[in-house]
Amino acid sequence: MTALMWWNGTLRPTDEVTTAVTSETALRGVNAFEGIRAYWQEADGRFALVSLERHLERLRSSLSLLSLPAEHLVAPLSVAIRDLVGASHEGADYYVRPT
């Protein structure tokens with residue numbers, strides 16, 4: 001299965017995603033990230049995301065400390081991560097790293 005990313009509001013194969021090498025993040029390394037686990041639950045036929053909202057709130061807080069816009073981050077990222085994991089291969093566990 002092709003690896004996927006959430007990019008500009010849609011799921012995309014990772015080999016189609018590009019960013020400019022002159023972007024602020026690439027040039028100066030201003031960044032924050034979280035690591036979220038998604039475990040396949042065979043009995044329920046779905047993925048379980050571990051503490052998703054707490055991870056996203058911590059990411060929002062980290063971005064705020066860096067003076068990066070983050071006030072409306074949690075809700076859209078929650079949807080994006082659920083979409084990404086929902087499109088993933090059933091039976092596998094995943095590590096999601098919103099950056």
*Side chains of W6 and L11: does their closest heavy-atom pair fall under 4.5 Å?*
yes

*Check the pair L73 / L56 against side-chain contact (heavy atoms from CB on, under 4.5 Å), numbers first and verdict last.*
CA-CA 8 Å; L73 177 74; L56 294 180; over 6 Å; no

*In Å, rounded to the nearest 0.5 Å, how long is the span from CG of L59 to CZ of R97?*
11.0 Å

_Distance, nearest 0.5 Å, that separates CG of L66 from OG of S62_ = 7.0 Å

*asked:* Once rounded to the nearest 0.5 Å, what's the spacing between atom CD of E90 and atom CZ of R46?
replied: 12.5 Å

*asked:* To the nearest 0.5 Å, what is the distance between OG1 on T2 and CZ on R12?
replied: 12.5 Å

_Set of residues satisfying side chain to side chain donor-acceptor pair (under 3.5 Å) with respect to Q41, sequence neighbours excluded_ = none

_Please determine whether residues L77 and Y95 belong to a single hydrophobic cluster, defined as Ile, Leu, Val, Met, Phe, Trp and Tyr linked transitively by side-chain heavy-atom distances below 4.5 Å._
no

_Non-neighbouring partners of S51 that pass side chain to side chain donor-acceptor pair (under 3.5 Å), sequence neighbours left out_ = none

*Which residue pairs satisfy the salt bridge (Lys or Arg N to Asp or Glu O under 4.0 Å) criterion with at least one member in residues 71-83, sequence neighbours excluded?*
E53-R82

*Which residues satisfy the side chain to side chain donor-acceptor pair (under 3.5 Å) test with R58, sequence neighbours excluded?*
E34, H55

*Pairs satisfying ring-ring contact (aromatic ring centres under 6.0 Å, His included), at least one member in residues 19-43, at least two apart*: W40-F47

*With a 4.5 Å heavy-atom cut-off, do V85 and L49 have their side chains touching?*
yes

*asked:* Between R60 and E57, does any NZ, NE, NH1 or NH2 come within less than 4.0 Å of an OD or OE carboxylate oxygen?
replied: yes

*Within a strict 4.5 Å, meaning less than it, do heavy atoms of the V50 and I36 side chains meet?*
no

*Under 4.5 Å side-chain linkage, directly or through intermediates, the cluster mates of W7*: M5, V17

*Does T19 offer a backbone N or O that forms a donor-acceptor pair with the side chain of S23 under 3.5 Å?*
no

*Return the minimal non-hydrogen interatomic distance between A87 and L4, and the atom names on each side.*
CB-CD1, 3.8 Å

*Under 4.5 Å between any side-chain heavy atoms of I81 and P98, yes or no?*
yes

*For the side chain of T10 and the backbone of N8, is there at least one donor-acceptor N/O pair under 3.5 Å apart?*
no

